[in-house]
2 protein chains.
Amino acid sequence: MDEIQLDERKGSILKAVIDTYLKTGEPVGSRTISKFSDLHVSSATIRNEMVDLEEMGLLTQPHTSAGRIPTDLGYRYYVDHLIMEREQESREHELLIQKVDRMEVLMQQLAKLLAQNTQYTAMIAGPHLGKKLKYVQLSQAEPGKLMVVVVVEGNLIRNFMLPESEDLTPEELLGLNIMINSTLNGLSISEINLGVINELKNQAGKYRDVMEDVLSVIGEAIRSEEGEQPVFTSGATNIFKYPELSDGEKASGILTALEEQEQLVTALSTAVNTEKANGISVYIGSENRIESMKDCSLVTANYDFGEGMIGTIGVIGPKRMDYEKVVATLMGLIEQLNKMYH
Amino acid sequence: MDEIQLDERKGSILKAVIDTYLKTGEPVGSRTISKFSDLHVSSATIRNEMVDLEEMGLLTQPHTSAGRIPTDLGYRYYVDHLIMEREQESREHELLIQKVDRMEVLMQQLAKLLAQNTQYTAMIAGPHLGKKLKYVQLSQAEPGKLMVVVVVEGNLIRNFMLPESEDLTPEELLGLNIMINSTLNGLSISEINLGVINELKNQAGKYRDVMEDVLSVIGEAIRSEEGEQPVFTSGATNIFKYPELSDGEKASGILTALEEQEQLVTALSTAVNTEKANGISVYIGSENRIESMKDCSLVTANYDFGEGMIGTIGVIGPKRMDYEKVVATLMGLIEQLNKMYH
DNA sequence: TGTTAGCACTCATTCAAATAGAGTGCTAAC
DNA sequence: GTTAGCACTCTATTTGAATGAGTGCTAACA
């Protein structure tokens with residue numbers, strides 16, 4: 001791809017056009033730029049420059065006698081070259097993250113926080129893990145029912161009830177627990193193969209039946225965790241704040257995509273590839289994978305909760321989103337998470 | 001309130017008007033009714049009757065020279081008197097409910113099922129419980145970290161890690177577990193008072209510190225469960241299928257309301273009061289509590305998972321929703337749940 | 001007394017034409 | 001290289017006329 005380089009004045013004009021367009025959402029005319037930018041030149045000069053910018057594919061006109069709006073490429077140049085980093089500012093008011101026990105609650109909270117702060121739509125994908133088994137606990141919750149608690153990496157907990165099982169004494173349970181944990185802890189699903197399983201069954205002796213039930217339950221727990229990758233969203237209705245997205249057709253498409261978890265996962269997880277220096281990726285318009293989001297931009301960042309729990313958090317908004325603010329907010333959030341969980 | 005009673009022909013006309021309007025969403029003229037209903041009278045006669053129905057407040061005209069549309073009162077009469085029960089039919093194709101371990105998964109699944117079947121928006125409120133403590137399990141997940149698993153009624157599970165705790169032997173843990181469970185099991189939060197707490201602390205002896213941590217964690221678990229009453233929705237974007245709801249303003253309002261959990265809880269929980277014989281409630285237009293849903297209707301039913309876990313499930317759609325189908329679907333769903341969980 | 005045909009009237013919707021206004025491209029002068 | 005000026009283009013808004021669905025009312029009819 002050709003590297004586009006603009007001289008200083010063209011850069012200023014492009015930035016002025018985009019900055020104005022971000023605020024108004026209306027095509028920007030040469031007169032406006034001439035009056036409100038700090039390079040004191042007439043509208044005619046601006047027009048000449050604009051023609052050049054249009055030829056370079058950075059600006060476009062919705063119709064002949066209208067002002068200019070940025071193309072996807074224009075936004076791209078803006079994001080890559082013209083945005084001032086303003087990290088300092090955003091750090092002043094820290095986002096209030098509460099420490100919680102359940103991952104889902106934390107994720108939902110983060111999404112809400114992000115949506116409220118940016119006034120766009122936030123989404124967050126749960127960590128995609130190798131999912132190692134961390135701990136298994138058998139216990140007799142009530143007579144006739146054996147409870148199996150399976151703790152997977154990242155404190156994702158699953159629990160199952162085995163009904164109609166024979167009652168075991170606390171001592172018997174303790175023995176089984178130790179047996180299971182000493183063999184299985186730290187193994188991922190692929191490592192729990194037939195060999196390990198048979199060994200456990202043999203060790204179990206007279207508890208062989210129970211052990212079989214328990215093993216199948218563990219398998220189910222890990223497998224289902226591997227399969228689903230939860231995505232949480234918040235502030236979906238913020239898109240109605242932006243007229244260019246809020247007409248029936250588009251809004252419907254976007255909201256439907258937000259409801260379809262699988263699509264989101266795709267959109268977010270491809271985000272890992274094209275990355276900027278600060279770990280933040282920006283996808284503008286047609287750079288998005290999801291068809292119905294081609295009028296949107298997506299800004300993503302990867303978070304790290306430790307224990308290999310790496311996931312993606314992102315903001316979806318109109319192409320004319322306040323990229324500076326969103327990037328700054330995301331960076332602040334990530335940094336804060338790092339402080340809390342390391 | 002006056003009891004409205006219609007003679008047979010007026011009833012037929014009202015039903016014909018509403019049935020037609022349900023399908024088209026357009027005002028219904030006298031000619032249409034005259035042609036397509038089975039009471040063979042001229043449009044003029046229909047018009048005369050319509051004037052009466054309008055005077056009674058059951059129909060209205062959007063403007064002078066348009067056909068009639070039902071008022072909220074008209075829908076009310078329709079729902080109360082004119083709907084044929086068609087329970088049989090819907091039972092043929094049973095909804096496919098999978099049995100799952102986690103309540104949230106089940107609820108989400110039910111909502112999705114309901115939304116897909118009705119093509120409206122489904123919502124379901126989690127059971128509002130006394131929340132009794134069912135089981136507590138202490139264990140040493142890894143060195144230096146004590147894991148507390150708290151099982152609340154309905155298999156709602158919370159887990160907490162107590163970091164930096166002293167290591168305990170399996171025997172010590174067993175002792176503590178038995179101590180805690182024999183004292184606390186089956187108590188609700190209001191029953192775990194200072195007396196019980198002190199008794200436990202004293203029993204704990206040298207483990208007093210650990211016990212204190214554990215108790216505070218248990219308290220937190222139950223309290224947070226009591227506070228939050230999760231609501232799941234599905235098919236929110238279905239409202240875009242109905243033009244009268246899908247223009248920007250309204251759609252935004254409705255979707256926002258759907259995102260705000262508290263509002264939904266209000267809407268659903270007031271549903272318990274005004275109940276029809278079959279356990280299903282219908283709220284039409286302004287009968288809804290939520291301002292932004294005054295153009296919608298809400299049909300709710302109460303479900304019962306056993307163990308006192310009673311909650312509400314509902315369908316939101318345009319006022320011209322297919323009440324018969326929705327009511328039948330809901331009844332089928334409830335019945336099926338009863339079969340599965342009793 | 002209830003039903004029907006006929007007709008004048010109302011009002012939303014649609015379409016085309018006229019108008020206003022924003023903004024450009026181009027040229028010529030500075 | 002910059003600027004003023006002007007013709008030109010195209011959208012958005014307004015206006016008015018035509019269309020048509022549907023009503024209300026009256027008078028005739030069974």
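Excluded from the calculations below are hydrogen atoms, water molecules and symmetry mates; all remaining heavy atoms, backbone and side chain alike, are included. Lettering follows sequence order; numbering is per chain, from 1. Everything numeric in this text was worked out from a predicted model, so none of it was measured.
- Following rounding to the nearest Å, B/Glu26 (CD) and C/dA12 (P) show an atom-to-atom distance of 15 Å.
- Exactly one residue among A/Thr121, A/Leu330, A/Ile124 makes a side chain to side chain contact (heavy atoms under 4.5 Å, CB included) with A/Leu114. That residue is A/Leu330.
- For DNA chain D, the span of nucleotides reached by chain B at under 4.0 Å from its heavy atoms goes, 5' to 3', from D/dA21 to D/dC25.
- A/Thr45 comes within 4.0 angstrom of a base, heavy atoms only.
- Between A/Tyr75 and A/Tyr21, the two ring planes are tilted [angle within 30° to 60°].
- Here C/dT3 presents its C1' atom at 14 Å from NZ of B/Lys10, a figure rounded to the nearest Å.
- Counting non-hydrogen atoms of other residues, nucleotides and ligands closer than 6.0 Å to NZ of B/Lys10 gives a total above 12.
- Both A/Gly29 and B/Glu49 lie near DNA chain C, and the one whose nearest nucleotide falls closer to the 5' end is B/Glu49.
- Among the atoms of the strands shown, only primed sugar atoms or phosphate atoms (P, OP1, OP2) are found under 4.0 Å from some heavy atom of A/Ser30.
- One finds no side-chain N or O of A/Ser65 lying less than 4.0 angstrom from the OP1 or OP2 phosphate oxygen of C/dG23.
- With a 3.5 Å ceiling on both atom-pair distances, the Watson-Crick or G-U wobble partner of C/dT19 is D/dA12.
- Side-chain N/O atoms of B/Asp72 and B/Ser286 include a donor and acceptor closer than 3.5 Å.
- Both B/His63 and B/Ala44 lie close to DNA chain C; mapped to their nearest nucleotides by heavy-atom distance, the more 5′-ward contact belongs to B/Ala44.
- Remark: C/dA29 base-pairs with D/dT2; criterion is Watson-Crick or G-U wobble with both hydrogen-bond distances under 3.5 Å.
- A side chain to side chain contact (heavy atoms under 4.5 Å, CB included) with A/Val327 holds for exactly one of A/Ile280, A/Val315, A/Asp322; it is A/Ile280.
- If you measure from atom CZ of B/Arg9 to atom C1' of C/dT1, you get 12 Å, rounded to the nearest angstrom.
- Summarising the base pairing, C/dA8 is matched to D/dT23 through a Watson-Crick or G-U wobble pair whose two defining distances lie under 3.5 Å.
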Can you list the steps and then say if B/Glu54 with B/Val51 is a side chain to side chain contact (heavy atoms under 4.5 Å, CB included)? CA-CA 5 Å; B/Glu54 183 159 3; B/Val51 173; 5.6 Å; no

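- Annotation: the span from B/Lys15 atom NZ to B/Thr20 atom OG1 amounts to 9.5 Å, rounded to 0.5 Å.
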